[in-house]
Amino acid sequence: MWGWRGTLADDVERQVGAVNAALASLGAQPVDFDTVRHHFATSAPAMCASILGRALTDRERTRTIMAFETYHSRRPPAGLLPGTEELLTRLIRSGCSHSVLSLSAHIGLARHISALGVGSLFMRVDGRTGPPARSKKQPLAGHLSALRQTIGARPIVLIGDAVDDVRAALANQIHPVSYTGGLTHPDILRSSGVPVAETLAEAAALAVEYAHTAWPSR
């Protein structure tokens, strides 16, 4: 199971641009990539609040969401990271299957994947269908339930670029692998205590390894 933004999609630079658009909607100054990585959160309002060091009002939250999504909507879909399609295809040939779970809006996510012509690589794609979520914990539970109807008890590993991916995976008792090429600073990911990979190929190799590791009994 893969995250999308900051993981499979080659969109880190535009994500920084979207964060800066959200900050601009509040009259704040732009920030650089390293700042975004140190303050990354699962929603534009949460990121802006962390960067500014204060809570946002409801009106400010709405403004940041609109600015963030508008920034993305006015740009063509980002491609996959180089070599990703080949990696996913090779893994399928070896017996693996893939799905995508994202907190991005589902309609936009599905259109994005379709536009890239890679929809056939994923047995399931789920994005957000309601307001911005603070965590993948509940969406992941639903995604897993749907996957289990197709693949039964086969092991599942979540690969993502956020600490929230780790927390959601552990809460749902599946193994996480963190990818450092996305929007969370590598030091933050390493502090979570789960396997960390610098490339998607390395992340996939760790996922295959951990797929056959039993979940620790309590």
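All figures in this text were calculated on a predicted structure; none of them were measured in a lab. Atoms considered below: every heavy atom in the structure, side chains included; atoms not considered: hydrogens, waters and symmetry mates.
For R190, the CZ atom is densely surrounded, since the number of other residues' heavy atoms within 6.0 Å is greater than 12. Around atom CD of E198, no more than 12 heavy atoms belonging to other residues, nucleotides or ligands sit under 6.0 Å away. By the 6.0 Å contact criterion, CE on M66 is open, its count of non-hydrogen atoms from other residues, nucleotides or ligands being 12 or less. Other residues, nucleotides and ligands contribute more than 12 heavy atoms inside 6.0 Å of the CG atom of D32. No more than 12 heavy atoms of other residues, nucleotides or ligands sit less than 6.0 Å from atom CZ of R74.
A heavy-atom distance below 4.5 Å is found between the side chains of M47 and F68. Contact annotation: the side chain of I51 never approaches that of H38 to less than 4.5 Å [non-hydrogen atoms, C-beta and beyond]. Contact of the R14 side chain with the V16 side chain is not registered, since no non-hydrogen atoms from C-beta on lie closer than 4.5 Å. A 4.5 Å side-chain heavy-atom check between D165 and K136 finds at least one atom pair inside the cut-off. Using a 4.5 Å heavy-atom cutoff, the side chains of V125 and S99 are not in contact. With contacts defined as side-chain heavy-atom distances shorter than 4.5 Å, the pair R61/C48 does not qualify. Using a 4.5 Å cut-off on side-chain heavy atoms (C-beta onward), L23 and N20 make contact. Within the 4.5 Å cutoff, side-chain heavy atoms of H39 are placed close to those of T35.
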Next on the checklist: Please determine whether side-chain contact (heavy atoms from CB on, under 4.5 Å) holds for the pair M1 and I159, giving the CA-CA distance in whole Å, both sets of side-chain angles, and the decisive distance to 0.1 Å.
Outcome noted: CA-CA 6 Å; M1 183 191 309; I159 299 173; over 6 Å; no
Checklist entry - Please walk me through it: do L81 and L8 pass side-chain contact (heavy atoms from CB on, under 4.5 Å)? => result CA-CA 6 Å; L81 283 169; L8 294 181; over 6 Å; no
Checklist entry - Could you walk me through whether R154 and L147 pass the side-chain contact (heavy atoms from CB on, under 4.5 Å) check? => result CA-CA 10 Å; R154 289 179 62 189; L147 287 178; over 6 Å; no
Next on the checklist: For a salt bridge (Lys or Arg N to Asp or Glu O under 4.0 Å) check, start with the C-alpha distance between D34 and R37, then their side-chain angles and the critical distance, and finish with the verdict.
Outcome noted: CA-CA 5 Å; D34 196 56; R37 295 188 104 188; 5.8 Å; no
Next on the checklist: Run V19 and Y71 through side-chain contact (heavy atoms from CB on, under 4.5 Å) and show every step you take.
Outcome noted: CA-CA 9 Å; V19 171; Y71 182 93; over 6 Å; no
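In the hydrophobic cluster analysis, where Ile, Leu, Val, Met, Phe, Trp and Tyr join through side-chain heavy atoms closer than 4.5 angstrom, L103 is grouped apart from L144. No single ILVMFWY cluster, assembled from side-chain heavy atoms under 4.5 Å apart, contains both V177 and I174.
Between atom NE2 of residue H106 and atom CG of residue L101 there is a gap of 11.0 Å, rounded to the nearest 0.5 Å. Rounding to the nearest 0.5 Å gives a distance of 10.0 Å between CD of E60 and OG1 of T62. Once rounded to the nearest 0.5 Å, the distance linking OG of S43 with CD1 of I65 reads 6.5 Å. A distance of 8.5 Å separates CG in L140 from CD1 in I156, rounded to the nearest 0.5 Å. In this structure, CZ in F33 is found 6.0 Å from CG in L183, a value given to the nearest 0.5 Å. Remark: T129 OG1 to L109 CG distance equals 12.0 Å, nearest 0.5 Å.
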Donor-acceptor contacts, no H, no angles, side chain residues 87-97, under 3.5 Å, sequence neighbours left out:
residue: T89; atom: OG1; partner: E85; partner atom: O; Å: 2.8
residue: S94; atom: OG; partner: L91; partner atom: O; Å: 2.7

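The residues D164 and R167 are annotated as not salt-bridged, no charged nitrogen and carboxylate oxygen being separated by less than 4.0 angstrom. Classification of E69 and R75 as a salt-bridged pair fails, no side-chain N sitting under 4.0 Å from a carboxylate O. A salt bridge does not link R5 to E13: none of the charged side-chain nitrogens sits closer than 4.0 Å to a carboxylate oxygen.
The aromatic rings of H98 and W2 are tilted relative to each other, their planes meeting at an angle between 30° and 60°.
Between the side chains of D161 and T184, no donor-acceptor pair is found at a separation under 3.5 Å. Between the side chains of T42 and R134, no donor-acceptor pair of N or O atoms lies under 3.5 Å.
Pairing each heavy atom of A169 with each of L158, the nearest pair is CB-CD2, 4.0 Å. Of all heavy-atom pairs between A67 and A22, the closest is CB-CA, 3.9 Å. Residues H143 and V100 come closest through the heavy atom pair CE1-O, 3.4 Å. Across every non-hydrogen atom of P176 and P195, the tightest pair is O-CD, 3.7 Å. Among all heavy-atom pairs drawn from L189 and V196, the shortest one is O-CG2, 4.0 Å. The minimum heavy-atom distance linking F40 with A162 is given by the pair CE2-CB, 3.5 Å.
Between the side chain of S192 and the backbone N or O of I188 there is no donor-acceptor pair closer than 3.5 Å. A donor-acceptor pair is defined here as one N or O able to donate and one able to accept, closer than 3.5 Å; no such pair exists between the side chain of Q15 and the backbone of D11. Looking at S145, its side chain never comes within 3.5 Å of a backbone N or O of G142 through a donor-acceptor pair.
With sequence neighbours left out, R63 forms a salt bridge (charged side-chain N to carboxylate O under 4.0 Å, His left out) with no residue at all.
Just one residue in the list V166, V157, V194, L170 forms a side chain to side chain contact (heavy atoms under 4.5 Å, CB included) with H175, and that residue is V157.
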